[in-house]
Amino acid sequence: MTRSLLLVLLFIHATLAASAAPSGDAPPPGDAGAANGSSVWQTLHGEQPKVVAHGGFSGLYPQSTPTANAIAALYPKLILLCNLQITMDKVGICVANLDLSEGTSIAVEYPNKTKTYKVNGKDVTGYFSVDYTMNQLNNVIATQSVLSRPDAFDIDPIPTFDDFRASIAAPRWIHVEYPQFYDEHKLSYEDYFDKNSLRGINYLSTPELTFLKAISAMKPPTMKLYFAFKGREELEPTTNQTYGELLLNKLKPMITGIVVPREYIWPVEKSNYLAPEPNPLVADAHELGLEVYVYGFANDNVLSYNYSYDPTEEYLQFTSKGFSVDGFITDFPPTAMNAVECFAKYNNSESRREGQPLVITNGGASGIYAGSTDLAYQKAVDDEADIIDCSVQMSKDGVAFCMATADLSVDTTAATIFPDRATTIPEIQKDDGIFSFDLEWSDIQSLQPQLSSPFEKTSDLKRNPAVKNEGKFMTLDQFLQFAKAKSVPGILINIDNAAYLASKEGHDVVTTVSTALHKASFDKQTTQQVLIQSDDTSVLAKFSNLGYKRVLAVKEEVSDVPKATVDEIKKYADAVTLTRFSIIPTSHGFTRKETNSVLALQAANLSVFVTTLNNEYLSLAFDYNSDAMFEIATYTQMVQVNGTITEYPGTANKYLKNPCSNLNDPDLMYAILPITPGQMLNLTKYSENLSPPKPALAVKDIADPPLPPAIKVQEDGAPPPGSSACAHSGLSIAAMALLSLLNGLFRI
């Protein structure tokens, strides 16, 4: 079973790596990784930084298992790393943590068998390899040691060092973390290597100086030796000096280079932002002729806010800021390879290609600044979004403004300022809210924006808290003027709750939007696209024959769009927005096979937009490697949607502008390829217990009654005296404009 699973997984990942043939050590153009536009990388030897797979592809598969190593090795020039430990009977195993319960099933096999030992002067309780023979570990399997990663591939036995050395045709690196501890238990690494030799090992690292000296005397001439630094305040066990006190020039005679945590080069402050400047460690090491490798990279880390949850940005921080490290040690080698082969080389300097999907914002760059504020929109413009959006809300006194929802408690400080205004309106949402139409515009202006994250209630993934309350709200008129002044290619106006606003609050949001577009001359120009989006077909009907592109928003998750429904949609819309899961559903954290929805709609000449894409790894199926680039690649290259709606337009554009996204280029040396939805899920135990698909989108789901007239309701809930129940209720905007013109003519 394990072998057949490995073969299939290799096939799946081989499709991702098929075009991943690195172009050697070719230097990047411009200054991406090179000094002042020079023609070489700023690594010690001017070569491209290397990628070291920590335990193979351990971000997805258990560390150092045949599957993890074989899949990582699909990427040429990648180095495989084994964290080497020794069993009681002197068998080498590849397990990262000294406590075997973190990364194996030993606690299940031997419950309540923990021991406590002194390790570098500290008491450590757990399961230790020194207490077990390899025969006793035969039934113990390797498992994921990070709870947020899938357990679906926890099926392989603990990998041995001999397996690691013999089975994979790739450069090999071994890391020896606790030599002194093993010496104390009569299990010397020197003796182990003397008997087993270091044949086939290209790199070795350790954080202990005594072992470093011993191994430097017995290593093969071709093997590179590295000293691995731990935290600056931790004690090196054989000298009782802190790692921060050790001097590089004292280490140089024994080593090729050093291995350091990321924070040694780019410190992260308590605020989780990067320090203003890097430490000069790389330059100091290079001056002494020492290479610098950095460890601790993982896409599912809580990254510094500077990176906006785009893991490729973290790698670029170590290659394009006036210096470059010599290599990365990572749990997610595909992302590191993409960063080096694509984003460091081309530095986001290319132009978008004709015919690529639109990049459409959701509240501007709302992953970085509070949504629908001037700062979010400006960031979206800077990130070269194709379409910026405004979801129109109404204040009590009839001011139209941009905000993601009518509930102000989400994206403003309303919950703090007006807690007594909270009400429940089932027609809008099931939860209590503080709604815009219950507050005067002056009240709303007294609030502050609030940068929120859909993940912060269940995780540490906050968004850019330093600017949480910065920015200014924009009225619809201000948004339109901003779009004109910035010459954005297009705008999207989203209209929700039109029927409720008309019948219960007396606001004709459709006419308000139409009037604002006319006032800003968007109905008299063709240089900027205008998209009108709503989940209400009666709203879209009001905008027929006005030259705007109408977009039906399907907010429910659906599994298909039958022809009868497609035909009905075409009466009202030119495009359809679908949720991600209506296009590629998920189950147990993995993608399922894509639905037929996009093909059905595009076959009828309807454009399809997907919503909403985010960078945070918690929003991504496991298949995407905790990297938004793979999700963007999948929707744009495999599904071929016409547009992506995103809270991080810079990330979408970063992928689409990069030459590695141009799969039609015959000279392309490396590509970031889409996944094949459903393939990985089919190899897991979960494939036998899938929930039924969501219902198809039916005609009745999109058929909406005509909009009611906008009748201003008095405080007691009664309509005002003399109000007409039919005031223009059946007229389209075009008809209303014609009637107004005729009235003007008769007055003349």
Side-chain angles (χ1 to χ4, degrees), residues 13 16-17 20 22 33 43 48-65 67-83 94 96-97 103 144-146 148-150 164 168 170-175 177 202-203 205 226 228-229 257-266 268 282 291-304 307 309-320 324-344 615 617 620 622 624-630 670 672:
H13 285 274
L16 292 177
T43 52
Q48 183 169 296
K50 292 180 171 59
V51 175
V52 182
H54 179 239
F57 192 171
S58 57
L60 195 56
Y61 307 97
Q63 282 198 12
S64 294
T65 55
T67 304
N69 283 331
I71 289 171
L74 291 171
Y75 290 83
K77 293 197 173 186
L78 190 138
I79 301 165
L80 296 175
L81 183 148
C82 158
N83 289 280
C94 296
N97 297 296
Q144 265 294 358
S145 58
V146 179
S148 61
R149 297 176 183 176
F164 170 77
I168 303 298
R172 298 172 184 83
W173 184 311
I174 56 175
H175 178 71
E177 182 80 0
N202 308 91
Y203 308 84
S205 58
Y226 296 81
F229 285 78
I258 57 175
V259 178
V260 298
R262 299 165 298 159
E263 292 76 15
Y264 269 49
I265 298 170
W266 275 107
V268 178
V282 176
E291 296 176 354
V292 180
Y293 281 74
V294 190
Y295 69 85
F297 291 91
N299 296 359
D300 49 8
N301 283 336
V302 178
L303 301 177
S304 166
Y307 304 131
Y309 298 104
D310 175 1
T312 61
E313 284 296 309
E314 184 174 32
Y315 294 101
L316 299 182
Q317 195 74 18
F318 290 82
T319 62
S320 58
S324 179
V325 300
D326 299 279
F328 302 101
I329 300 176
T330 176
D331 290 2
F332 290 85
T335 296
M337 293 293 291
N338 292 347
V340 172
E341 286 288 342
C342 299
F343 300 117
N615 285 2
Y617 75 89
L620 302 169
F622 293 129
Y624 298 125
N625 306 328
S626 297
D627 183 347
M629 291 296 171
F630 288 100
Y670 186 98
I672 302 173

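From a predicted model like this one, the values you see are computed outputs, not experimental measurements.
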I need the [X] [atom1] to [Y] [atom2] distance, nearest 0.5 Å.
| X | Y | atom1 | atom2 | result |
| --- | --- | --- | --- | --- |
| N299 | N615 | CG | CG | 11.0 Å |
| F297 | Y315 | CZ | OH | 6.0 Å |
| T335 | Y624 | OG1 | OH | 14.0 Å |
| Y226 | E291 | OH | CD | 3.5 Å |
| I71 | Y61 | CD1 | OH | 3.5 Å |
| D300 | F622 | CG | CZ | 9.5 Å |

inquiry  = Out of the candidates T43, D326, V292, only one should pair with P49 under the side-chain contact (heavy atoms from CB on, under 4.5 Å) rule; please name it.
reply    =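 Per the side-chain contact (heavy atoms from CB on, under 4.5 Å) rule, the option paired with P49 is T43, out of T43, D326, V292.
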Distance-minimising heavy-atom pair for [X] and [Y]:
| X | Y | value |
| --- | --- | --- |
| C82 | S64 | CA-OG, 4.1 Å |
| P261 | V294 | C-CG1, 3.9 Å |
| W173 | F164 | O-CZ, 3.8 Å |
| R172 | N202 | N-OD1, 2.7 Å |
| A170 | L78 | CB-O, 3.9 Å |
| M337 | Y75 | CG-CD2, 4.0 Å |

inquiry  = Under a 3.5 Å cutoff, is there a donor and acceptor pairing between the side chains of S205 and Y293?
reply    =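 There is no such pair (donor and acceptor under 3.5 Å, judged by atom type) between the side chains of S205 and Y293.
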key: Short side-chain donor-acceptor distance under 3.5 Å, H175 and N83   =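 There is no such pair (donor and acceptor under 3.5 Å, judged by atom type) between the side chains of N83 and H175.
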query = Got a sec, which residues hit side-chain hydrogen bond (donor to acceptor under 3.5 Å, both in side chains) with Y617, two or more places apart in sequence or on another chain?
reply =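 Residues passing side-chain hydrogen bond (donor to acceptor under 3.5 Å, both in side chains) with Y617: none at all.
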